[in-house]
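Just so we're clear, the structure is a prediction, and the values are computed from it rather than from any experiment. Both counts, for ligands and for their atoms, begin at 1 and track the order of listing.
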Amino acid sequence: MYSKEVMDHFMNPRNVGEMPDADGVGVEGNPVCGDVMKLYIKVEDDKIVDAKFQTFGCGAAIAVSSMITEMVKGKTLDEAMKISKEQVAEALGGLPPQKMHCSNLGADALKKAIEDYRQKQQASKN
Ligand code: FES
């Protein structure tokens, strides 16, 4: 019932772990199931150059986290802001309908990480 991309990213998740020198961090909880994702980004010249995640969640959430950290690398912050949960699910070859809610975490945690980065930038200018 899972696509081979989902299985691959679940079995061999990319970019797992903490990023102590992250420029932005986003934490998102899934109200449907209580699972939590933390996403770290490293930014240079308005572009995401690296991303990592720590997810306490189901297999689909781990696959979503892994995929989104791959998708954002090299994107500008504005481009990354536009990544939707549907695009992540699509990149994974789809998710079973009852698992679509698991894709919420990725895009939302990413947006929060970008907002966190922007707030820090703003704060450092003041
Ligand atoms: Fe919670 Fe999938 S069951 S994110």
Please state which part of C102 comes within less than 4.0 Å of ligand 1, counting heavy atoms only: side chain, backbone, both or neither. both

Check all N, O or S atoms of D35 and name the one closest to atom 1 (Fe) of ligand 1. OD2

Rounded to the nearest 0.5 Å, how far does CD1 of I68 lie from OG1 of T55? 10.5 Å

If you measure from the Lys or Arg side-chain nitrogens to the Asp or Glu carboxylate oxygens, is any gap between R118 and D78 under 4.0 Å? yes

Assess C33: does it contribute an N, O or S atom lying under 2.8 Å from atom 1 (Fe) of ligand 1? yes

Working for side-chain contact (heavy atoms from CB on, under 4.5 Å), residues D35 and C102: CA-CA 9 Å; D35 290 348; C102 309; over 6 Å; no

Contacting atoms of ligand 1, where contact means under 4.0 angstrom from a heavy atom of A61: 4 (S)

For ligand 1, which atoms sit closer than 4.0 Å to a heavy atom of N30? 4 (S)

Regarding K4 and D8, does a basic nitrogen lie under 4.0 Å from an acidic carboxylate oxygen? no

Can you tell me which residue among Q119, K112, K120 is in a side chain to side chain donor-acceptor pair (under 3.5 Å) with D116? K120

Here the gap from E79 atom CD to I114 atom CD1, rounded to the nearest 0.5 Å, amounts to 10.5 Å

Closer than 2.8 Å to atom 2 (Fe) of ligand 1, do we get an N, O or S atom from C58, backbone or side chain? yes

Does K99 have a non-hydrogen atom less than 4.0 Å from ligand 1? yes

